[in-house]
2 protein chains.
Amino acid sequence: MKTISPKTIDRALLYIRALENLLKKKRDKISSSELADITGSSDVQVRKDISFFGKVGIPRIGYETKKLKDVLENFILQDNIVHIALFGVGNLGKAILKYPGFQTDKIKLVAAFDKAKNKVLKEVNGVKIYPVEQSVRLIKKVHAEIGIIAVPSENSQEVADIMVNSGLKGIVNFAPNRVSVPKNVYVKDIDFSIEIFSIFSHTQL
Amino acid sequence: MKTISPKTIDRALLYIRALENLLKKKRDKISSSELADITGSSDVQVRKDISFFGKVGIPRIGYETKKLKDVLENFILQDNIVHIALFGVGNLGKAILKYPGFQTDKIKLVAAFDKAKNKVLKEVNGVKIYPVEQSVRLIKKVHAEIGIIAVPSENSQEVADIMVNSGLKGIVNFAPNRVSVPKNVYVKDIDFSIEIFSIFSHTQL
DNA sequence: TACAATTCGTTATTAATTTCACGATTTATT
DNA sequence: AATAAATCGTGAAATTAATAACGAATTGTA
Ligand SMILES: NC(=O)c1ccc[n+]([C@@H]2O[C@H](COP(=O)([O-])OP(=O)(O)OC[C@H]3O[C@@H](n4cnc5c(N)ncnc54)[C@H](O)[C@@H]3O)[C@@H](O)[C@H]2O)c1
Ligand SMILES: NC(=O)c1ccc[n+]([C@@H]2O[C@H](COP(=O)([O-])OP(=O)(O)OC[C@H]3O[C@@H](n4cnc5c(N)ncnc54)[C@H](O)[C@@H]3O)[C@@H](O)[C@H]2O)c1
């Protein structure tokens, strides 16, 4: 039994969203090359990725939009809804709370936490902000799976520790430093400054 | 002459920042394995990456913090300052304007643009918000290199076109769709929802 | 019905990246 | 001086990922 590669998963997520958009536009068929254009890939890559999930395409026609979306979603997301807990309701945290992309039928931001007393117990975009002291209990109660770190880097490790104790299995870390977690917890760092430098270096080549 | 790999560049940026932090703490020596721990890599990977830049290490000792930082910076950033232009001063754009990481001695956010009349001509964190109509002229004037797209996805392509016309060579796109640009312009998509799904998938494996 | 055109699916090939293995260098110690 | 310990540097091996090449399937058409 072959295992799916992480790169294939990430591209499949792009395919899924592209397919959703196509469905909204009532496009019921799509070819590998058009899907490649939309998602910034190549037709071969698209077919190769999809082949992992079985034979879903129709030669000479392409893929049925709905069917392909269902096949990909079934494997990658099943009917799971991803529940998110946010730590830090400052500049970035507030923007995240207001982000409609985190309140869809597939993703729900279920709780926010802040250390500052004056931010606590307010509600932003339907999400209540709780004091950090209640976080472990509340996260377990709402069964969140993913945590977002949007606190200053000085506090990122303490937040990561709380997340681990709460049973979160995945973390997005926006603070510009790494946090230590047990190796069964997956951390993805998103570092704006490093991204800028990386792009800049790219343009210098 | 070997060319440097993009992955090495991205890790080198992490090394540089780690070295800066070590210097602040007056640590003047560092081993590949400790640098690996800090940056989430492996000691071999660190040495292999650094070996691209020459023989900078001292056997039995490690690397001189200052020297290694200089060598890496010299290759990757020279003494360039990266100038950024931001499009879209909404929830995310405002957070970015207030982000201190974008006002350092290596990165400067030099201009912001918005379509909405009521946002224009205000100043956030020392950066003035201009009407989009003036963007091409202003960006050329201040010699920005990198643009940030923080507008709704319906408007991302028009912003990308402006960026290309202004001569920007790199773009960070936070809108959840791809934009078309000439192939000499480098675009990095940062898609929060896809990141969440990706992490979630990881935790399911 | 035969043939051309189109697009998928898959194996083979190539390229890129990471990991391994180990020699070389330096310093400390007996 | 010889030996041990630590750490760098690097070619080779292994792994992972991307690309190419091409057969198979389907449909439209002469
Ligand atoms: N603002 C941006 O656009 C931006 C971009 C990229 C990364 N970041 C990073 O994201 C993080 C947050 O940035 P920001 O601009 O929102 O900062 P901020 O100072 O505006 O907000 C930080 C918030 O975290 C809260 N906090 C502190 N310690 C906490 C804890 N232990 N538990 C819960 N809440 C806690 C504070 O009360 C505050 O509300 C920082 O690490 C920053 O470097 C910010
Ligand atoms: N809020 C978040 O945390 C978040 C996270 C990830 C991605 N995003 C994405 O970032 C983008 C911005 O999100 P937001 O929450 O800030 O939205 P927002 O609606 O709060 O702000 C959008 C801003 O863009 C301006 N704008 C629209 N068209 C423009 C144009 N052509 N030129 C210049 N300015 C223009 C609007 O006037 C508005 O001020 C969206 O694409 C969103 O999907 C947001």
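These numbers come from the heavy atoms of this one structure, side chains and all, not from hydrogens, waters or symmetry mates. Throughout, a chain's letter reflects where its sequence line sits, starting with A, and its residues are numbered from 1.
- Along DNA chain D, the nucleotide nearest Pro59(A) and the nucleotide nearest Val56(B) are compared for position; the residue whose nucleotide lies closer to the 5' end is Val56(B).
- Near DNA chain D, meaning a heavy atom under 4.0 Å from it, residues 16-50 of chain B has Ser31(B), Ser32(B), Val44(B), Arg47(B), Lys48(B) in order of number.
- Among residues two or more places apart in sequence or in another chain, the side chain to side chain contact (heavy atoms under 4.5 Å, CB included) test is passed with Asp105(A) by none.
- A tilted orientation is assigned to the rings of Phe113(A) and Tyr130(A), their planes being inclined by 30° to 60°.
- For the pair Asn173(A) (side chain) and Asn177(A) (backbone), a donor-acceptor distance under 3.5 Å is present.
- The backbone N or O of Leu168(B) lies less than 3.5 Å from no partner atom in the side chain of Ser166(B), so there is not a single donor-acceptor pair.
- The backbone N or O of Arg27(B) sits less than 3.5 Å from a side-chain atom of Thr65(B), completing a donor-acceptor pair.
- Using a 4.0 Å cut-off on heavy atoms, none of the residues of residues 7-15 of chain B approach DNA chain D.
- For Ser33(A), the side chain to side chain contact (heavy atoms under 4.5 Å, CB included) criterion is met by Ser31(A), Asp43(A), not counting sequence neighbours.
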Legend entry - Test log, rule side-chain hydrogen bond (donor to acceptor under 3.5 Å, both in side chains), inputs Thr8(B) and Ser5(B): CA-CA 5 Å; Thr8(B) 296; Ser5(B) 104; 3.3 Å; yes
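- Under the side chain to side chain contact (heavy atoms under 4.5 Å, CB included) criterion, Lys141(A) pairs with no residue at all, not counting sequence neighbours.
- Applying the salt bridge (Lys or Arg N to Asp or Glu O under 4.0 Å) definition to pairs two or more places apart or across chains, those involving residues 70-93 of chain A are Lys66(A)-Asp70(A), Lys69(A)-Glu73(A), Glu73(A)-Lys106(A).
- Within the structure, the ring pair (Phe, Tyr, Trp, His ring centres under 6.0 Å) test picks out the following pairs touching residues 132-175 of chain B (sequence neighbours left out): Phe192(A)-Phe174(B).
- Glu133(A) has no carboxylate O lying under 4.0 Å from a charged side-chain N of Lys115(A), or vice versa, which leaves the two without a salt bridge.
- Nearest-nucleotide positions on DNA chain D for Gly54(B) and Ile61(A) put Gly54(B) closer to the 5' end.
- Residues passing the side chain to side chain contact (heavy atoms under 4.5 Å, CB included) test with Glu154(A), sequence neighbours excluded: Pro152(A).
- Protein chain A contacts DNA chain D over a range whose 5' and 3' limits, counting nucleotides with an atom under 4.0 angstrom from a non-hydrogen atom, are dA17(D) to dT27(D).
- Within the 4.5 Å cutoff, no side-chain heavy atoms of Ile171(B) are placed close to those of Lys188(B).
- For Phe197(B), there are no ring-ring contact (aromatic ring centres under 6.0 Å, His included) partners two or more places apart in sequence or in a different chain.
- Between Lys7(A) and Asp49(A) there is no salt bridge, since none of the side-chain N atoms of the basic residue sits less than 4.0 Å from a carboxylate O of the acidic one.
- On the nucleic acid side, DNA chain C has its first and last nucleotide under 4.0 Å of a heavy atom of chain A at dA5(C) to dA12(C), going 5' to 3'.
- A heavy atom closer than 4.0 Å to some atom of DNA chain C occurs in Gly62(A), Tyr63(A), these being the qualifying members of residues 62-71 of chain A.
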